[in-house]
Amino acid sequence: MVAKITLVLILFVLNTYPQQFTKILTGAPVNDAGESFGVAWVDLNNDGLPDLIVSNGGAAGVKQRNFVYMNNGNGTFTKVTSGDIIQDSSISNGATIADYDNDGFPDVFIANRNLENNFLFKNINGTSFQKITTGSIANDGGETNDACWVDYNNDGFVDLYAVNFMGKRFLYKNNGNGTFTKIDTGLVVTESTTSITCSFGDYDNDNLPDLFIANPNLGNELFHNEGNGYFRKITSDPVVDNIGVSMSGTWGDYDNDGYLDLFVANQQGTKNFLYHNERNGTFRKITTGDIVNDISWGISGSWVDYDNDGYLDLFVANFNGNKNFLYHNDGPPNYTFTKITTGDIVNDVGNSMAAAWADFDNDGYPDLFVANRGNLNNFLYKNNNSGNNWVNFTCIGTTSNKSAIGTKVRIKAKLNGLDTWQLREINSQHGYNSENDLRVSFGIANAAVIDSVLVQWPSGKVDVFTNIIPNKFYKIIEGSGIQIITGIKNNPGIKPLGFNIQQNYPNPFNPSTTIKYSIPSGNNVRIIVNDIMGRQISLLVNEFKSPGEYSVVFNSGSIPSGIYFYSLISGSMRMTKKMIIIK
C-alpha cells in the first residue's frame, strides 16, 4: 500500500495536465505576418465579443500599419481595411484601450517609437474612429514604449501614463471634457531613464492605483500612490532592489489572499522574478520553483486561470526564438507551479513579445493571442473546455470611470470544499504592451454556486451580491445591481445545460470504475480514455445517443498504474476529467 501511495505522489508531480489548447491555423489574425510588438483585446462595438488590435513596427523601426480584427461571433475575425485607426503607417509598440470620455465606446491610444507622435483615436460608434490631433497627448513625440490608462486620482475619468525608452515619462490628466492636461511635476514624470513598461495595481488595498515600472539593467521602480495626485517612490524593497533585464511586470493574486502579487519578466537568458505580497506594504521574493529558475528570454507575463480551477496560472512570452512558458498553479497549501511541457502553446517557436487573454468565443474559457516580431505569424490558441465551472462579469462605472479601470471584484465559492475568496483587479495593461479583455473572469472548479460577489469601485462605492449562478455572463452597473447578459453571442461549442460528465467512482480504482454522463440532445457520442501523452487507450462509447443520462463501466484490465484522462465528446462539445489507476 505504501508503494501505491508513493506512486500516486510521483505521478502527481509529473507534468500530467492534458493539452488544454488548440492552435488556430486559419484566418487573418494568424496569417498576417508583421513586426508585431503589442496586442490588446477590446469589445470595440459593444456586441459582447472581444475584438483584437495588434500594434506593429516597434523597436524594429519598421513603419507598418497596425492590425484591427473584428470578432464575427462564430470563431472567426474580419480584418478592418479602412478608417483612421489603420491608415497611418507607424512604428508602434503597443495599444491601450479605455473609454476616456465615458460615452460608452472604448477609445484607443497607441504608443509609438522613433520620435513619432503617439496616436489617440476617439471611438465614435464602435465602427468608426476619429484621430485626435490636438493637445500634448497627441503631439509629444518620443520613444514611447508602453502606456496605461488609469484613473490615478479617482475622479471618474481615466488618465494616461506613458514610459519612454529614453527620456522622461508622460502623465496626462483627463479634464473630463475630452481634453487632457500634461503633468510636469513629481518623480513619476521628471525622472529620465530607459523604461520599458508600466503597470498599475493597488498592492496595499487603499483604493489608489500604485505604479510599477520595468527598467533593464537599472533596477525597477515602484511608486506608492499617496492620493492628491502624489506618488511616493519606494526605495527599499526586493521589488526595487533586484536588478534584472526587466521587460514588464504584471499584477495578480496567485495565492487568493486578497492582495496583488507581482511577476516580472526578464530577458537575455536571465531568470524571472516573482514577488509575494506580504500584506504590510512589502514584498518577499520567491526563490524556488521553475517559475523563477527557468533561464528565460522573457518579455511579457500574464496571469489567468486557464483551466477554471480557481487559481491563477501564468503564461510567459519569450523572445529570440525561444519557446514560451506556461505554469499551472497547483493551489493550496503551497501555491507552487508546475511547468507545462506539452502542446503547441509551449512548443511553438517564435519571437514573442506580447500575450493577452480573452474569451473570444464566449465559452467561459480564456483564449490566448501571442504577438511575434520578425515578420513571423502571430499565434492564437483556443482554450478547450475542461469541465470546470466559471463566471464572467462586465463592470460599468457610473460615478467611477465607465471602463471600471481600477475596480476590484472579489468572489467567494467553495474550492475543494473550502470557502475561498478570489480577487481580480481591472487594469489596462498586463505585461509587455498586452491588454487582456476588460471583462472579469473567474474559475470555480466544481462549485455549484458563487456564495458572494463583492465589487469595490474606484469611487469608494461597494456593491454586494449573493447566490450567483455559475457558467453565465453578467453585467454589473455601479450602484444599479447585477443582470444576466442574455443577448451575448455564444460560440456553438459552449457547454449547454445538461451536457456533463461526472467524476468517475471509485477514484483511484482497480480494476474498474463507473463513469456517468448526460447529453441534452440526440447526437453521436464518444467517450475516449487517453494517457498523459495524449495517446488513446480505450474507446468506451461510440454511438448515437438520445437525450438523457447514461453510465459506462471502464475496466482497466492490463493498463498500468498512472493518471489518465477521459473525455465526453458530442458534436462540437467536449468535456475532460482525470482519473487514477493504482495496481
Side-chain angles (χ1 to χ4, degrees), residues 32-42 52-68 85-86 88-98 107-121 137-150 160-172 193-200 212-216 245-250 265 267 297-302 317-320 350-356 369-376 378 427-436:
D32 283 336
E35 288 284 349
S36 297
F37 276 71
V39 54
W41 288 100
V42 56
L52 186 61
I53 297 177
V54 180
S55 47
N56 294 311
V62 179
K63 282 199 171 187
Q64 295 183 345
R65 291 184 178 182
N66 297 314
F67 301 146
V68 179
I85 198 168
I86 56 94
D88 288 328
S89 293
S90 58
I91 301 175
S92 300
N93 257 50
T96 183
I97 294 97
D107 309 297
V108 181
F109 180 90
I110 295 179
N112 292 324
R113 290 282 298 268
N114 283 28
L115 301 179
E116 289 194 342
N117 289 339
N118 297 314
F119 296 155
L120 177 61
F121 296 101
I137 196 170
N139 288 284
D140 282 336
E143 291 283 347
T144 305
N145 221 69
D146 186 31
C148 303
W149 291 106
V150 58
L160 187 90
Y161 186 76
V163 294
N164 287 293
F165 185 69
M166 295 179 288
K168 297 178 181 180
R169 296 86 179 244
F170 302 144
L171 175 60
Y172 304 98
T193 186
T194 301
S195 298
I196 302 297
T197 56
C198 53
S199 52
F200 284 87
F212 174 82
I213 298 176
N215 299 316
V245 191
S246 298
M247 301 299 290
S248 67
T250 182
Q267 68 155 331
W297 281 80
I299 301 291
S300 186
S302 186
N318 287 316
F319 179 60
N320 200 33
N351 284 323
S352 298
M353 301 293 293
F369 186 91
V370 180
N372 289 308
R373 64 178 290 188
N375 287 312
L376 298 176
N378 299 314
N427 291 313
S428 68
Q429 288 288 281
H430 302 266
Y432 182 95
N433 287 298
S434 305
E435 181 165 341
N436 296 337

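Predicted model, so just to flag it, every value in this text is computed and none were measured.
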Exam field: side chain Asn436 to backbone Ala356, donor-acceptor pair closer than 3.5 Å: no
Distance-only donor-acceptor hits, side chain of residues 58-65, under 3.5 Å, sequence neighbours excluded:
| from | atom 1 | to | atom 2 | distance (Å) |
| --- | --- | --- | --- | --- |
| Lys63 | NZ | Glu116 | OE2 | 3.2 |
| Gln64 | OE1 | Glu35 | N | 3.0 |
| Arg65 | NE | Gln87 | O | 3.4 |

Correct closest heavy-atom pair for Phe109 and Ala147 would be CE2-CB, 3.6 Å
d(Asn372 CG, Phe37 CZ) to nearest 0.5 Å is 11.0 Å
### Task
Could you tell me whether the side chains of Thr144 and Asn118 share a donor-acceptor contact shorter than 3.5 Å?
yes
Note: Leu376 and Gly350 closest approach over all heavy atoms is CD1-CA, 4.0 Å
Between the side chain of Asn66 and the main-chain N/O of Asn56, is any donor-acceptor distance below 3.5 Å?
yes
Tightest non-hydrogen contact, residues Thr250 and Gly301, listed as CG2-O, 3.2 Å
- Query: Do the non-hydrogen side-chain atoms of Asn139 and Asn117 ever get within less than 4.5 Å of each other?
  - Reply: yes
Closest non-hydrogen atoms of Ala317 and Ala355, given as atom of the first, atom of the second and distance, are CB-CB, 4.3 Å
**Prompt:** With a 4.5 Å limit on heavy-atom distance, are the side chains of Ser300 and Ser434 in contact?
**Reply:** yes
Open item on the list: What I'd like to find out is whether the side chain of Val245 reaches to under 4.5 Å of the side chain of Pro216, using heavy atoms alone.
Closed with: yes
*asked:* Could you tell me if the side chain of Met353 sits less than 4.5 Å from the side chain of Val39, heavy atoms only?
replied: no
- Polar side-chain atom of Ser428 near backbone of Ile97 as donor-acceptor pair, under 3.5 Å: no
**Item:** Side-chain touch Phe121/Asp107, heavy atoms, less than 4.5 angstrom
**Value:** no
Worksheet entry | Asp146 side chain reached by Tyr432 side chain, heavy atoms, under 4.5 Å | no
Value for OG1 (Thr197) from CD (Gln429), rounded to nearest 0.5 Å, stands at 8.5 Å
Check your understanding: Taking side chain as C-beta onward, heavy atoms only, is Ile196 less than 4.5 Å from Phe165?
Key -> yes
When every non-hydrogen atom of Val163 is compared with those of Arg169, the smallest separation belongs to CG1-CG, 3.8 Å
Rounding to 0.5 Å, atoms OH (Tyr172) and CD1 (Ile137) come to a distance of 6.5 Å
Interatomic distance, CE@Met166 vs CD@Glu143, rounded to 0.5 Å, equals 4.5 Å
In this structure, CZ of Phe369 is separated from OG of Ser36 (nearest 0.5 Å) by 6.5 Å
**Message:** Donor-acceptor check, side chain of Asn93 to backbone of Asn112, threshold 3.5 angstrom: yes or no?
**Reply:** no
The reported gap from OG in Ser55 to CZ in Arg113 (rounded to nearest 0.5 angstrom) is 12.5 Å
query: Are the side chains of Thr96 and Tyr161 in touch, meaning some heavy atoms are under 4.5 Å apart?
result: no
